[in-house]
Amino acid sequence: MLPNNEFIRLSLEINLFFQRLMKEHLFFIETALAPVNADYIAEAKNLKEEFERLLAETVSYSDRAISVNVISSNELVTPFTLTAEELTSALTGAELNTEITKAEYRLTGLTSIPADYYRESSENIVGDLNQRTINLLEEVIAFQKEYPPFRENAGYL
């Protein structure tokens, strides 16, 4: 079992990466579907916005709580992420919450995080965040199974 400080740090780092990935995945679904699929477009947009809310929350917990190595690795955001989001939104007409990316650029990491660094409530907060991420992912999986092209190719998912 991971020590408290490792569980919290790793959870936040993984959520920062994974929640952004899912937000972008849903953005691509939202913008790639034909207009006749308005219901599916709306659902993809709704799920994307829910991942954006989770990601914004994760970013708020992550300042001075994650590794400086992860921040500097460009695996969360790159120097090009904000520009890519702005251009993609302008070209597609679909919205992306660029304030999240701006907040990620401002994150400060720690080179080492002492075992007693986090408050006692941090583990519960992060555990709840992890569970909400899993629940939302299950909604995305159900959505993709419901959408006919995904359903028809379910063996490939």
Side-chain angles (χ1 to χ4, degrees), residues 1-32 42-90 92 94-147 150 154 156-157:
M1 189 139 145
L2 287 175
N4 234 11
N5 64 328
E6 285 295 301
F7 168 76
I8 294 166
R9 181 186 59 78
L10 287 172
S11 291
L12 291 171
E13 292 171 355
I14 290 167
N15 277 315
L16 286 168
F17 177 83
F18 184 76
Q19 291 167 353
R20 174 168 287 280
L21 184 73
M22 290 307 301
K23 159 189 123 104
E24 292 171 356
H25 172 72
L26 290 157
F27 176 82
F28 292 130
I29 291 173
E30 174 190 2
T31 58
E43 182 63 17
K45 178 181 179 182
N46 178 57
L47 290 166
K48 175 199 71 183
E49 289 171 350
E50 289 191 42
F51 263 108
E52 284 181 326
R53 282 188 283 280
L54 270 177
L55 180 58
E57 184 179 345
T58 302
V59 170
S60 74
Y61 295 137
S62 296
D63 195 42
R64 297 181 35 82
I66 63 173
S67 164
V68 71
N69 292 335
V70 168
I71 292 172
S72 63
S73 71
N74 289 333
E75 61 189 73
L76 304 178
V77 288
T78 73
F80 310 105
T81 303
L82 182 60
T83 302
E85 287 180 342
E86 292 169 342
L87 287 171
T88 304
S89 290
T92 63
E95 295 178 19
L96 283 168
N97 183 344
T98 58
E99 294 305 312
I100 299 167
T101 301
K102 292 173 187 174
E104 284 184 273
Y105 284 145
R106 294 188 298 269
L107 285 176
T108 303
L110 298 175
T111 52
S112 66
I113 300 172
D116 62 347
Y117 181 74
Y118 299 104
R119 293 185 310 255
E120 191 172 317
S121 61
S122 297
E123 185 175 8
N124 292 333
I125 290 169
V126 171
D128 177 64
L129 186 67
N130 290 346
Q131 190 58 56
R132 287 185 288 135
T133 301
I134 291 166
N135 293 345
L136 187 53
L137 178 60
E138 288 173 350
E139 286 184 48
V140 172
I141 291 167
F143 162 69
Q144 288 188 284
K145 285 181 177 178
E146 176 186 308
Y147 181 61
F150 290 123
Y156 299 107
L157 291 179

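The salt bridge (Lys or Arg N to Asp or Glu O under 4.0 Å) with Lys23 is formed by just one residue from the set Glu104, Glu50, Glu49, Glu85; it is Glu85.
Glu75 CD: more than 12 foreign heavy atoms inside a 6.0 Å radius. Within a 6.0 Å sphere centred on CZ of Phe7, other residues, nucleotides and ligands contribute more than 12 heavy atoms.
Nearest heavy-atom pair, Gln19 versus Leu54, reported as atom, atom and distance to 0.1 Å: OE1-O, 3.4 Å. Scanning both residues, Gln144 and Ile29, for their nearest heavy atoms gives NE2-CD1, 3.7 Å. Contact detail for Ala94 and Thr31: the closest heavy-atom pair is CB-CG2, 3.5 Å. Residues Tyr118 and Ile8 approach most closely at CE2-CG2, 3.5 Å, considering heavy atoms. Summarising the geometry of Glu43 relative to Phe143, their closest heavy-atom pair is CG-CD1, 3.4 Å, with the distance given to 0.1 Å. Of all the heavy atoms in Gly109 and Ile71, the pair that sits closest is N-CD1, 3.2 Å.
Partners of Thr81 by side chain to side chain donor-acceptor pair (under 3.5 Å), not counting sequence neighbours, listed by chain and number: Thr78. In this structure Thr88 satisfies the side-chain contact (heavy atoms from CB on, under 4.5 Å) test together with Phe27, Thr92, sequence neighbours excluded. Asp128 is linked by a side chain to side chain donor-acceptor pair (under 3.5 Å) to Arg132, counting only residues two or more places apart in sequence or in another chain. When the side chain to side chain donor-acceptor pair (under 3.5 Å) test is applied to Glu52, no partner is found at least two apart in sequence or on another chain. Legend: residues meeting side chain to side chain donor-acceptor pair (under 3.5 Å) with Gln131, ordered by chain and number and at least two apart, are Asn135. Residues passing the salt bridge (Lys or Arg N to Asp or Glu O under 4.0 Å) test with Glu123, sequence neighbours excluded: none.
Atoms OG and CZ, from Ser62 and Arg9 in turn, are 11.5 Å apart once rounded to the nearest 0.5 Å. The CG atom of Leu129 lies 12.5 Å from the CG atom of Asn124; values are rounded to the nearest 0.5 Å. For the atom pair CZ of Phe18 and CG of Leu55, the computed distance is 12.0 Å after rounding to the nearest 0.5 Å. Atom NZ of Lys48 is separated from atom CZ of Phe28 by 11.0 Å, given to the nearest 0.5 angstrom. Here the OG1 atom belonging to Thr101 is positioned 6.0 Å from the CG atom belonging to Leu82, to the nearest 0.5 angstrom. With rounding to the nearest 0.5 Å, the separation of CG in Asn130 from CD1 in Ile14 is 8.0 Å.
A donor-acceptor pair under 3.5 Å is formed between the side chain of Glu13 and the backbone N or O of Ser67.
Residues Glu86 and Thr98 have side chains that never bring a donor and an acceptor to within less than 3.5 angstrom of each other. No side-chain donor-acceptor contact under 3.5 Å links Asn15 and Thr58.
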Would you please test Leu16 and Leu107 for side-chain contact (heavy atoms from CB on, under 4.5 Å) and show each step? CA-CA 11 Å; Leu16 286 168; Leu107 285 176; 4.3 Å; yes
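Using a 4.5 Å heavy-atom cutoff, the side chains of Arg20 and Leu76 are not in contact. Asp63 is not listed as a side-chain neighbour of Arg106, based on a closest heavy-atom distance of 4.5 Å or more. Side-chain contact check for Leu12 versus Tyr61: some heavy-atom pair is nearer than 4.5 Å.
Electrostatic pairing of Glu57 and Arg53 does not count as a salt bridge here, judged by no charged N lying under 4.0 Å from a carboxylate O.
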